[in-house]
Asks: 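This structure is in structure tokens; I'll ask about it shortly.
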Number of protein chains: 2
Amino acid sequence: MQKEHNLSKNQKIIFDLIDKSGGPMKAYSILFNVQKKGIKAPLQVYRALDKLVEIGKIHKIESRNAFIACQNSSCQISKATAFSICESCEDVSEISNTKLSKYLSNFADESGMKYSKYNLEFFGLCKKCKSK
Amino acid sequence: MQKEHNLSKNQKIIFDLIDKSGGPMKAYSILFNVQKKGIKAPLQVYRALDKLVEIGKIHKIESRNAFIACQNSSCQISKATAFSICESCEDVSEISNTKLSKYLSNFADESGMKYSKYNLEFFGLCKKCKSK
DNA sequence: TTATAAATGTTATATTATTACATAGTGTTA
DNA sequence: TAACACTATGTAATAATATAACATTTATAA
Ligand SMILES: [Zn+2]
Ligand SMILES: [Zn+2]
Ligand SMILES: [Zn+2]
Ligand SMILES: [Zn+2]
């Protein structure tokens with residue numbers, strides 16, 4: 001179970017927007033969408049994003065500079081993330097695969113270095129785009 | 001064996017700089033370092049970087065917006081990259097592990113989606129920083 | 001209450017990356 | 001050689017992403 005966090009006003013506005021969008025959103029697109037709710041400056045967005053990433057409610061898709069709501073609501077893997085990214089339509093989905101996450105965590109342990117986190121991004125064509 | 005590419009003048013200047021640095025370099029730091037060689041504009045740097053990434057001579061460390069010379073000179077895994085990143089000193093090294101790359105390539109095949117590429121970034125403390 | 005940490009508001013600025021357009025070199029082949 | 005296609009270069013302007021600095025407010029806890 002994920003620890004319950006009481007989101008602040010801005011954090012809630014921004015999380016709800018990302019979550020409802022169902023996909024990755026970019027910071028300045030978020031900013032544009034929440035200006036009517038009184039959030040006017042980039043920093044307000046980035047601060048909320050930072051916090052949401054920290055507590056695992058959202059993840060950053062590094063290769064896209066975009067943020068997506070965690071799709072594993074019942075788990076706590078904000079430090080072990082894997083995504084599938086379509087290079088054609090830019091659809092992103094979070095991969096939830098126990099074997100994969102165990103394999104990667106074990107791999108981390110085997111190395112000389114102690115890893116505390118990983119992020120994996122797969123690229124390709126989603127089913128829709130493949131069949132076009 | 002990797003296909004031999006004849007690098008152009010700018011590509012060679014920029015690859016040599018990154019390669020000799022032994023670590024990740026950021027685009028504007030590269031720009032600063034090559035200005036004495038006549039490369040004056042960001043675009044000249046980004047164009048060379050794009051090409052070098054495309055042919056696998058360098059890789060982009062997505063979480064750091066930085067570029068590193070491929071450390072697997074004898075192979076061709078520009079589409080299957082894995083890195084170990086120290087969160088303290090920002091040291092980066094490329095992971096070359098056959099089992100890992102096979103595992104991830106096979107994982108991709110098992111999914112509904114056909115992956116053509118992946119990038120994995122591990123984070124933690126390197127040996128040096130761990131022992132401090 | 002008093003102190004502490006967390007969150008917010010605002011302005012300015014830093015950093016990363018691309019668009020647009022003009023020119024020059026390189027290799028292929030008619 | 002000439003014509004062509006392709007790749008690379010030069011330059012200016014601008015877009016997109018992210019942070020620094022500082023003042024204030026709100027929530028939490030001792
Ligand atoms: Zn998640
Ligand atoms: Zn797609
Ligand atoms: Zn490599
Ligand atoms: Zn280190």
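None of the values given here were measured: they were computed from a predicted structure. Proteins come first, then strands; the chains are lettered A, B, ... in the order of their sequence lines, and each starts at number 1.
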Asks: Between B:Glu62 (CD) and C:dT16 (P), how many Å, whole number?
Replies: 14 Å

Asks: When you check the phosphate oxygens OP1 and OP2 of C:dA17, does a side-chain N or O of B:Lys60 lie under 4.0 Å from one of them?
Replies: yes

Asks: Consider only side-chain N and O atoms of B:Tyr118 and B:Thr81, and report whether a donor and an acceptor are under 3.5 Å apart.
Replies: no

Asks: What is the distance, to the nearest angstrom, from the CZ atom on B:Arg64 to the C1' atom on C:dT15?
Replies: 16 Å

Asks: Between B:Glu87 and A:Lys117, is there a salt bridge with N-O shorter than 4.0 Å?
Replies: yes

Asks: B:Lys9 has an atom NZ; how far is it from atom P of C:dT23, in whole Å?
Replies: 19 Å

Asks: For C:dA6, does OP1 or OP2 lie under 4.0 Å from any side-chain N or O of A:Asn6?
Replies: no

Asks: Rounded to the Å, how far apart are B:Leu52 CG and D:dT7 C1'?
Replies: 14 Å

Asks: Evaluate side chain to side chain donor-acceptor pair (under 3.5 Å) for B:Glu94 paired with B:Asn72, printing each intermediate quantity in order.
Replies: CA-CA 8 Å; B:Glu94 189 167 357; B:Asn72 300 306; 2.9 Å; yes

Asks: Ignoring backbone atoms, test whether B:Ser8 places a side-chain nitrogen or oxygen under 4.0 Å from the OP1 or OP2 oxygen of C:dG25.
Replies: no

Asks: Examine C:dA17: is either OP1 or OP2 under 4.0 Å from a nitrogen or oxygen in the side chain of B:Asn65? Give yes or no.
Replies: yes

Asks: If you take any heavy atom closer than 4.0 Å to DNA chain C, which residues from residues 14-50 of chain B end up in contact?
Replies: B:Lys26, B:Tyr28, B:Leu43, B:Tyr46

Asks: SG of B:Cys70 to CD1 of B:Ile18: how many Å apart, nearest 0.5 Å?
Replies: 12.0 Å

Asks: Answer yes or no: does a side-chain N or O of B:Asn10 lie under 4.0 Å from OP1 or OP2 of D:dA8?
Replies: no

Asks: If you measure only the distance, is there a donor-acceptor pair under 3.5 Å linking the side chains of B:Asn119 and B:Glu121?
Replies: yes

Asks: Assess the residue pair A:Ser96 and A:Gln71 against the criterion (side chain to side chain contact (heavy atoms under 4.5 Å, CB included)); give the C-alpha distance rounded to whole Å, side-chain angles, the decisive distance to 0.1 Å, and a yes or no.
Replies: CA-CA 8 Å; A:Ser96 171; A:Gln71 289 165 35; over 6 Å; no

